[in-house]
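Read the structure below first, then the notes.
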Amino acid sequence: MREKKLLAVLLCALLLLCACGEKTHVFRAADLGMSKAKVAKTESQNYDFASDELLLYNTTMFDYDAEVYYYFTDDALTGAECRFPIGERTINDDMERFAEIAALLTAQYGEPVDADFRRFLTSDESEKTDPDNLLIYRNVLEYYLEWDGSGYTATLLLNYKDAQVTLLYAVAKA
């Protein structure tokens with residue numbers, strides 16, 4: 001009888017230990033649903049701008065300069081995004097950076113559920129070119145990856161249009 005009690009205690013301790021294992025945060029050190037005050041504590045610096053619905057940080061992410069935005073509804077984190085400023089770089093540099101960040105996000109979230117490297121940004125079917133081309137059409141190029149998690153969707157987007165480049169990583173409630 002004593003052995004069964006000891007076994008039950010050890011089993012409970014093991015289950016508790018497994019339940020308290022290391023948690024992966026959805027975005028940086030934050031999780032969706034956190035209050036603005038808790039999110040602010042996860043950052044190592046003071047925010048650059050704040051409102052009821054937003055916290056903005058000029059910081060780094062993945063060793064790149066970044067603007068990090070946290071979005072709130074009723075003081076609960078509902079989404080976050082990271083915009084990587086584009087400096088004196090070529091589109092090839094940005095495609096390499098996209099691939100590097102995609103590998104880091106795949107390590108965190110698993111394999112993407114959607115990958116589109118030939119997305120046309122026009123809805124006019126007559127304007128589409130051969131989809132086997134790299135898709136530089138009217139100076140438009142878009143690389144897109146998406147991951148689905150438990151209650152959230154993560155997106156990585158590289159968009160090049162008319163010499164304006166956007167590299168964006170975002171997480172939002174699903």
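Treat the numbers as computed from the prediction; the structure is a model and nothing was measured.
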Open item on the list: With a 4.5 Å cut-off on side-chain heavy-atom distances among I, L, V, M, F, W and Y, is there a chain of contacts connecting Phe62 to Met95?
Closed with: yes
TODO: Assess the side chains of Tyr109 and Glu146: does a donor N or O sit below 3.5 Å from an acceptor N or O?
DONE: no
- [ ] Over all heavy atoms of both residues, which pair between Ala102 and Leu145 is shortest? Give the atoms and the distance, please.
- [x] CB-CD1, 3.3 Å
Task: Reported OH-to-OG1 distance for the pair Tyr71 and Thr78, which is rounded to 0.5 angstrom - done: 9.5 Å
Open item on the list: Determine whether the aromatic ring centres of residues Phe27 and Tyr152 are separated by less than 6.0 angstrom.
Closed with: no
Task: Test item: Arg28 and Thr42 side chains (from C-beta on) under 4.5 Å apart, heavy atoms - done: no
Task: Aromatic ring proximity, centroids under 6.0 angstrom, Tyr69 and Tyr57 - done: no
- [ ] Using the rule that two of Ile, Leu, Val, Met, Phe, Trp, Tyr join whenever any of their side-chain heavy atoms come within less than 4.5 Å, decide whether Tyr64 and Leu104 are in one cluster.
- [x] yes
Task: Contact check, side chains of Leu156 and Tyr144, non-hydrogen atoms, under 4.5 Å - done: no
- [ ] Using a 4.5 Å cut-off on heavy atoms from C-beta on, say whether the side chain of Ile101 contacts that of Phe84.
- [x] yes
Open item on the list: Quick check: do Val39 and Lys36 have side-chain heavy atoms less than 4.5 Å from each other?
Closed with: no
Open item on the list: Looking at Glu43 and Ala29, would you say the former's side chain and the latter's main chain have a donor-acceptor pair under 3.5 Å?
Closed with: no
Open item on the list: I need the full list of salt bridge (charged side-chain N to carboxylate O under 4.0 Å, His left out) pairs touching residues 49-75, with sequence neighbours left out, sorted by first then second residue.
Closed with: none
Open item on the list: Taking Glu81 first and then Arg83, would you say they form a salt bridge - that is, a charged N and a carboxylate O separated by under 4.0 Å?
Closed with: yes
Task: Tyr47: partners by side chain to side chain donor-acceptor pair (under 3.5 Å), with sequence neighbours left out - done: none
Task: Spatial distance of atom CG (Leu56) from atom CG (Asp48) [nearest 0.5 Å] - done: 5.5 Å
- [ ] Would you name the heavy atoms of Leu77 and Asp31 that are closest together and state the gap between them?
- [x] CD2-O, 3.4 Å
Task: Within-4.5 Å side-chain heavy-atom neighbours: Cys82 and Leu168 - done: no
- [ ] State, with a plain yes or no, whether a side-chain heavy atom of Leu105 is found less than 4.5 Å away from one of Trp147.
- [x] yes
Open item on the list: Do Tyr169 and Thr155 have side chains that approach each other closer than 4.5 Å (heavy atoms only, starting at C-beta)?
Closed with: no
TODO: Could you walk me through whether Asp94 and Leu158 pass side-chain contact (heavy atoms from CB on, under 4.5 Å), step by step?
DONE: CA-CA 8 Å; Asp94 291 317; Leu158 172 64; 4.0 Å; yes
Task: Straight-line distance of Ser35 OG to Phe72 CZ, nearest 0.5 Å - done: 7.5 Å
